[in-house]
Amino acid sequence: MEIARIIVVGLVVAVSVVFYRRTTAAPSSPRRSARRAEALGFLPQAAQNTLYSAPDAELEQAASAAATRGSWEPAARLLARTREQRDWARRSHYANVLGTQRAAQPGSWLDAWEKAAGPDDPDAALVRARATVSLAWHLRGGGWAKDTSREQVAGFLGTLTQAPPLNAHALKLNPDDPSPYLGEIWTALGLNYPHERMRHIWEEVTARDPHHFGAHSAALQYWCAKWHGSEDLAASFATEAASKASAGSLLAALPLMAWYEHRDSAAKADDFREPYVFDMVDAALADVSAAPPHHPDVPAVRHLLAYFLTRQNRCTEALQQFRLVDGYVNALPWRYWDDSAAAYCLWRDRAVAGVRTR
């Protein structure tokens, strides 16, 4: 990309809302509620895993082997299995977890994998593409635009512009896989793809997997007001996707996600109890109940439901969701706080207190 174009795009990005919305860390949970939660079998704040949204022994072991020993083989086996089984949801999830900014660094385990497997390995190519996108956003940082330096913007754009050909290469090696398009959607956010280009990407995604939850979640971000859309566009996208999906697809959670992205920060307690918000929560509850229990994105919906149910004073129902995800907190909405474990425990312990006061 030419220097002039980098500057122009950089200025646009500089006035955008950042990829990771940083908020003031949630205050610590009151000690009494925390003790009650632990008495009920919930884990303390210090024991919450902030890297994952749910337990996955094989994935955690593969990520640990790669990060601590440089062993790429477990990750390669996991990705190969998802490709062979055409499990696109899990493949995208695994690529996202393994494709960290550290994997993109020179001399990483990913370098060793590519050296051993060659340039045409579809699994290594997917992780490389995703890691490049992750590195770009890492260089950008999590601060607001006003707190982002020119050097950060330059590093972000210089890296992110490498992603489109890498995404295209991963797709060429495995044409049926929608996963490379997820990386392209996150690239679209940073490089400000116009709506027409985004709609073309979306046609390609849905042609491969019409109800891919991870892709829908990423695309929803693009259509949000904080990026390249508006509240109306995001709500329309979410509602249309949910209306076309079958039970158990998890897409019924999209309208709730769109509401959260645009309303939560300024919402009052009564806003969460509007009848139409109750309806959205109930639809998402029914959808997650119908989903395959081992669907990799089920925990993401449960985390969001736990939050909304607590805000609606449906604390018994909230605790049912909290029990199913406790110990892992890298999910919406907790990851929008600087201290995701503190935010999670704050609302979990409020749900515990709500049950005790009934």
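Checked by atom type, the side-chain pair Glu317/Gln321 shows no donor-acceptor distance below 3.5 Å. Using modelled atom types, one finds no donor on one side chain facing an acceptor on the other under 3.5 Å when comparing His212 with Trp88. Arg102 and Ser108 share no side-chain donor-acceptor pair at under 3.5 Å.
Leu135 CG to Gln162 CD: the interatomic distance, rounded to the nearest 0.5 Å, is 8.0 Å. Atom CG of Leu139 is separated from atom OG1 of Thr148 by 12.0 Å, given to the nearest 0.5 angstrom. Atom SG of Cys315 sits about 9.0 Å away from atom CZ of Phe322, to the nearest 0.5 Å. The CD atom of Gln221 sits 11.0 Å away from the CD1 atom of Ile185 when rounded to the nearest 0.5 Å. Here the CH2-CG distance, from Trp227 to Asn192, works out to 8.0 Å after rounding to the nearest 0.5 Å.
In terms of heavy-atom proximity, Glu60 sits nearest to Pro55 at OE2-CA, 3.5 Å. Here the shortest heavy-atom pairing between Ala125 and Leu173 reads CB-CD1, 3.7 Å. Residues Ala215 and Leu182 approach most closely at CB-CD1, 3.7 Å, considering heavy atoms. Shown here for His295 and Ala89, the closest heavy-atom pair between the two residues is CE1-CB, 4.2 Å. Between Asp271 and Ala266, the shortest heavy-atom distance links the atoms OD2-O, 4.5 Å. In terms of heavy atoms, Glu184 sits closest to Pro164 at OE1-CA, 3.6 Å.
Arg208 and Asp177 are not joined by a salt bridge, as no carboxylate oxygen comes within less than 4.0 angstrom of a charged side-chain nitrogen. Taking a cutoff of 4.0 Å between a charged side-chain nitrogen and a carboxylate oxygen, Asp270 and Arg311 do not qualify as a salt bridge. The existence of a salt bridge linking Asp123 and Arg83 is confirmed by a sub-4.0 Å separation between a basic side-chain nitrogen and an acidic carboxylate oxygen. Comment: Asp282 engages Arg314 in a salt bridge, judged by a side-chain N to carboxylate O separation of less than 4.0 angstrom. With respect to the salt-bridge test (charged N to carboxylate O, under 4.0 angstrom), the residues Glu203 and Arg199 do not qualify. Using a cutoff of 4.0 Å between basic side-chain nitrogens and carboxylate oxygens, Glu73 and Arg77 are not scored as salt-bridged.
No donor-acceptor distance shorter than 3.5 angstrom exists from the side chain of Ser340 to the backbone of Asn330, with no hydrogens or angles considered. At least one donor-acceptor pair under 3.5 Å links the side chain of His262 to the backbone N or O of Ala258. Here the side chain of Asp326 pairs a donor or acceptor atom with the backbone of Leu43 at under 3.5 angstrom. Proximity of a side-chain donor or acceptor of Gln48 to a complementary backbone N or O of Gly327 within less than 3.5 Å is detected. Under a 3.5 Å cut-off, the side chain of Thr161 and the backbone N or O of Gly158 do form a donor-acceptor pair. Between the Asp287 side chain and the Gly248 main chain, a donor and an acceptor come within less than 3.5 Å of each other. Judged purely by atom type and a 3.5 angstrom limit, Ser249 uses its side chain to pair as donor or acceptor with the backbone of Ser246.
By the 30° and 60° cut-offs, the orientation of the rings of His228 relative to Tyr222 is tilted.
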List, one per line, each side-chain donor-acceptor pair under 3.5 Å for residues 62-71, sequence neighbours excluded.
{"residue": "Thr68", "atom": "OG1", "partner": "Ser64", "partner atom": "O", "Å": "2.6"}

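Residues Tyr307 and Tyr344 keep their aromatic ring centres 6.0 Å or farther apart. If you look at Tyr181 and Trp186, their ring centroids are not closer than 6.0 Å. Side-chain rings of Trp223 and His216 stay apart, their centers remaining 6.0 Å or farther from each other.
The 12-atom threshold is not exceeded at NE2 of His200, counting heavy atoms of other residues, nucleotides or ligands nearer than 6.0 Å.
Put simply, the side chain of His195 reaches to within 4.5 Å of the side chain of Leu233, judged on heavy atoms. Inter-residue side-chain proximity for Arg90 and Arg81 is flagged as unmet; no heavy-atom pair is nearer than 4.5 Å. By the 4.5 Å heavy-atom criterion applied to side chains, Asp349 and Arg36 are not counted as neighbours.
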So Arg86 and Asp176, salt bridge (charged side-chain N to carboxylate O under 4.0 Å, His left out) or not? Walk me through it.
CA-CA 9 Å; Arg86 299 176 64 84; Asp176 292 341; 3.1 Å; yes

For Asp111 and Arg128: C-alpha separation, side-chain torsions, deciding distance, then whether salt bridge (charged side-chain N to carboxylate O under 4.0 Å, His left out) applies.
CA-CA 9 Å; Asp111 274 357; Arg128 170 61 68 185; 2.7 Å; yes

Where do Leu319 and Phe42 land on the side chain to side chain contact (heavy atoms under 4.5 Å, CB included) test, with the steps shown first?
CA-CA 10 Å; Leu319 286 185; Phe42 289 105; 4.0 Å; yes

Under the criterion side chain to side chain contact (heavy atoms under 4.5 Å, CB included), I'd like the reasoning laid out for His169 against Asp120: C-alpha separation, chi angles, the key distance, then a yes or no.
CA-CA 9 Å; His169 181 60; Asp120 294 331; 3.8 Å; yes

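A ring pair (Phe, Tyr, Trp, His ring centres under 6.0 Å) with Phe272 is found for one member of Trp259, Phe278, Tyr260 and no other, namely Trp259.
Leu126 belongs to a hydrophobic cluster with Leu51, Tyr52, Leu59, Trp72, Leu78, Leu79, Tyr94, Val97, Leu98, Trp109, Leu110, Trp113, Val127, Tyr328, counting contacts under 4.5 Å between side-chain heavy atoms of Ile, Leu, Val, Met, Phe, Trp and Tyr, direct or through other members.
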